[in-house]
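Below, read A as the first sequence line, B as the second, and so on, with proteins coming before strands; counting in each chain starts at 1.
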Amino acid sequence: SQQGEEDPQALSIQEGENATMNCSYKTSINNLQWYRQNSGRGLVHLILIRSNEREKHSGRLRVTLDTSKKSSSLLITASRAADTASYFCAKETSGSRLTFGEGTQLTVNP
Amino acid sequence: DTAVSQTPKYLVTQMGNDKSIKCEQNLGHDTMYWYKQDSKKFLKIMFSYNNKELIINETVPNRFSPKSPDKAHLNLHINSLELGDSAVYFCASTKGGIADTQYFGPGTRLTVL
């Protein structure tokens, strides 16, 4: 199964700190996407990184991809209380399959 | 305007009943999806339609039947509801295929009693 493993499952930090979430996978991917889900809401796309890319930035978000280690990380810098949410990685593999990980619940304390 | 909308937001029903969830997207996207998110937040794709044609049909009970009257709508009908069907169901759409950015609806929380 390509179900991704994300760690940590839960992360609690103070406002202003950085938050790092990791996502690993087992087989080759075409791209990997990160999504955020606020409580009671649908998922919102954050960043897409292709298999031939190593790093992408968007505002306070930085995503890295290490295909040799089959892992990706999402870094949120200078976190805010509004960043409190669940964060999911989604792997797109050949055969047009998109598999979501189990998510990391991030809590940013004011 | 809401890009991807679902109705109803909440659905509480008895075992054995039949229910439908509706989804509409006004993004002009070609592909729509249904996902199921369980109590542990694990999100799994159920179906995908491209321009009204079924292209992904994951292993789900045949009590679940998607219907796409046009490319802006993808409805989900569930027959003979079971306790294990309780979950949050999300509709999503992409401009092209599954590799594109998914735009999710707000979800429908289904509770089967």
Side-chain angles (χ1 to χ4, degrees), chain A residues 1-11 21 23 25 28-53 56 58 61 63 65 72 84-107, chain B residues 2-11 21 23-25 27 29-50 53-59 74 87-111:
Chain A
S1 151
Q2 184 62 302
Q3 181 179 329
E5 289 160 14
E6 293 178 53
D7 72 271
Q9 283 191 325
L11 180 61
M21 289 157 271
C23 169
Y25 54 93
S28 296
I29 59 170
N30 295 329
N31 72 48
L32 186 144
Q33 303 176 40
W34 284 91
Y35 287 81
R36 182 186 74 224
Q37 184 180 30
N38 288 80
S39 181
R41 302 283 187 93
L43 281 72
V44 174
H45 181 258
L46 297 175
I47 290 183
L48 180 152
I49 187 164
R50 301 192 190 285
S51 60
N52 60 354
E53 297 175 313
K56 284 190 90 166
S58 176
L61 306 180
V63 167
L65 179 63
S72 174
T84 294
S86 293
Y87 291 82
F88 295 86
C89 68
K91 286 77 60 184
E92 192 252 326
T93 59
S94 58
S96 294
R97 285 295 180 263
L98 189 69
T99 306
F100 283 81
E102 292 170 356
T104 294
Q105 173 61 49
L106 173 66
T107 302
Chain B
T2 305
V4 182
S5 59
Q6 294 177 229
T7 54
K9 188 165 173 62
Y10 300 97
L11 187 51
I21 308 172
C23 177
E24 176 181 1
Q25 54 95 3
L27 297 167
H29 286 173
D30 288 332
T31 311
M32 296 183 72
Y33 309 82
W34 277 110
Y35 288 87
K36 178 181 179 180
Q37 187 174 45
D38 65 21
S39 58
K40 295 185 179 179
K41 292 197 172 181
F42 178 50
L43 193 71
K44 186 171 180 179
I45 192 168
M46 300 172 69
F47 301 103
S48 170
Y49 268 73
N50 178 272
E53 287 191 28
L54 181 66
I55 56 171
I56 293 176
N57 183 358
E58 293 296 321
T59 306
L74 181 61
V88 182
Y89 292 84
F90 287 98
C91 177
S93 71
T94 57
K95 185 175 182 182
I98 203 163
D100 291 348
T101 297
Q102 302 261 332
Y103 290 79
F104 282 83
T108 296
R109 181 175 292 277
L110 171 65
T111 303

Rounded to the nearest 0.5 Å, the OG1 atom of Thr94(B) sits from the NE2 atom of His45(A) at a distance of 11.5 Å
For residues Gln33(A) and Ile98(B), report the shortest heavy-atom separation together with the two atoms involved. NE2-O, 4.1 Å
Gln37(B), part contacting chain A, at a heavy-atom distance under 4.5 Å: side chain
With the side chain counted from C-beta on, respond yes when Gln37(A) and Leu43(B) share a heavy-atom pair under 4.5 Å apart, and no when they do not. no
Proximal component of Asn31(A), with respect to chain B [non-hydrogen, under 4.5 Å]: side chain
Spacing of Lys41(B) atom NZ and Gln9(A) atom CD [to the nearest 0.5 Å]: 11.5 Å
Side chain / backbone / both / neither for Tyr103(B) at chain A, heavy atoms under 4.5 Å: neither
Rounded distance [0.5 Å steps], CG in Leu43(A) versus OH in Tyr35(B): 9.0 Å
Side chain, backbone, both or neither: which part of Leu48(A) has an atom under 4.5 Å from a heavy atom of chain B? side chain
Contact class of Lys9(B) relative to chain A, heavy atoms under 4.5 angstrom: side chain
